[in-house]
Amino acid sequence: MKKLTMLLVVFVLSLIMRLDSYAQANRTASADIVCPVTGANSIQLLPLRPGRFSYSINNTSGIVIRFVGLASGTITLTSANSFLLKAGQPYSDSAPGLYTGRLVCQSTTAVAATVSVFETYK
């Protein structure tokens, strides 16, 4: 009887506190992506993936890059439509509140920049 009461209390409290649980990711993907030179169209870093749990972008190129979420296609990235990722700087995001759309990148110089990306998803 005590176990049933305790389970009921935990269940009711979880509804009140809105506890969310996330299943562990069971797939991963990683790649080195070459972000094109400034003035060219951007390239996809990560695809649209609704089942994404986390991702990490590591700019090891020594060149500042621009990146942004983009629903489709590629565009030239500028300070008005993208974010900077400094040389040597990592960026990551994870659930809850994770961005699951496409991410694109572009170098800020006349030299292409290679970045590493890693994601977990179901």
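One is the number of the first residue; the rest follow in order along the sequence. Values below: all heavy atoms of this structure, side chains included; hydrogens, waters and symmetry mates excluded.
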Query raised in the report: Partners of Phe118 by ring pair (Phe, Tyr, Trp, His ring centres under 6.0 Å), sequence neighbours excluded?
Result: none
Hydrophobic cluster membership, [X] vs [Y], 4.5 Å side-chain cutoff:
{"X": "Ile63", "Y": "Val115", "result": "no"}
{"X": "Leu98", "Y": "Tyr91", "result": "yes"}
{"X": "Phe67", "Y": "Ile75", "result": "yes"}
{"X": "Tyr121", "Y": "Tyr99", "result": "no"}

Requested in this report: Tell me, with the steps shown, if Thr60 and Asn58 meet side chain to side chain donor-acceptor pair (under 3.5 Å).
Outcome: CA-CA 6 Å; Thr60 58; Asn58 194 6; 5.6 Å; no
Query - Given Thr120, Thr100, Leu46, the one that forms side chain to side chain contact (heavy atoms under 4.5 Å, CB included) with Tyr55 - result: Leu46
Query raised in the report: Looking at Thr74, Val68, Ile65, which hits side chain to side chain contact (heavy atoms under 4.5 Å, CB included) with Ser42?
Result: Thr74
Query raised in the report: Taking atom types as modelled and ignoring hydrogens, do the side chains of Asp32 and Ser116 form a donor-acceptor contact shorter than 3.5 angstrom?
Result: yes
Which value, rounded to the nearest 0.5 Å, describes the distance between [X] atom [atom1] and [Y] atom [atom2]?
{"X": "Ile33", "Y": "Cys105", "atom1": "CD1", "atom2": "SG", "value": "7.0 Å"}
{"X": "Glu119", "Y": "Leu45", "atom1": "CD", "atom2": "CG", "value": "10.5 Å"}
{"X": "Cys35", "Y": "Asn59", "atom1": "SG", "atom2": "CG", "value": "7.5 Å"}

Query raised in the report: Counting N and O atoms only, with roles assigned by atom type, does the side chain of Arg102 sit under 3.5 Å from a partner on the main chain of Leu70, one being a donor and the other an acceptor?
Result: yes
Query raised in the report: Does Arg52 use its side chain to pair, donor to acceptor, with the backbone of Pro47 at less than 3.5 Å?
Result: yes
Report summary line: The complete set of disulfide (SG to SG under 2.5 Å) pairs with one or both residues in residues 52-89, sequence neighbours excluded, reads none
Query raised in the report: Yes or no on side-chain contact (heavy atoms from CB on, under 4.5 Å) for Thr108 and Val64, after CA distance, side-chain angles and deciding distance?
Result: CA-CA 6 Å; Thr108 58; Val64 179; 3.5 Å; yes
Requested in this report: Looking only at non-hydrogen atoms, find the nearest pair between Pro36 and Ile43 and report the distance.
Outcome: CD-CG2, 3.4 Å
Which donor-acceptor pairs under 3.5 Å do side chains of residues 77-88 form with protein atoms, sequence neighbours excluded?
| unit_1 | atom_1 | unit_2 | atom_2 | d |
| --- | --- | --- | --- | --- |
| Thr78 | OG1 | Ala80 | N | 3.2 |
| Thr78 | OG1 | Asn81 | OD1 | 3.3 |
| Asn81 | OD1 | Thr78 | N | 2.7 |
| Asn81 | ND2 | Thr76 | O | 3.3 |
| Ser82 | OG | Thr78 | O | 2.7 |

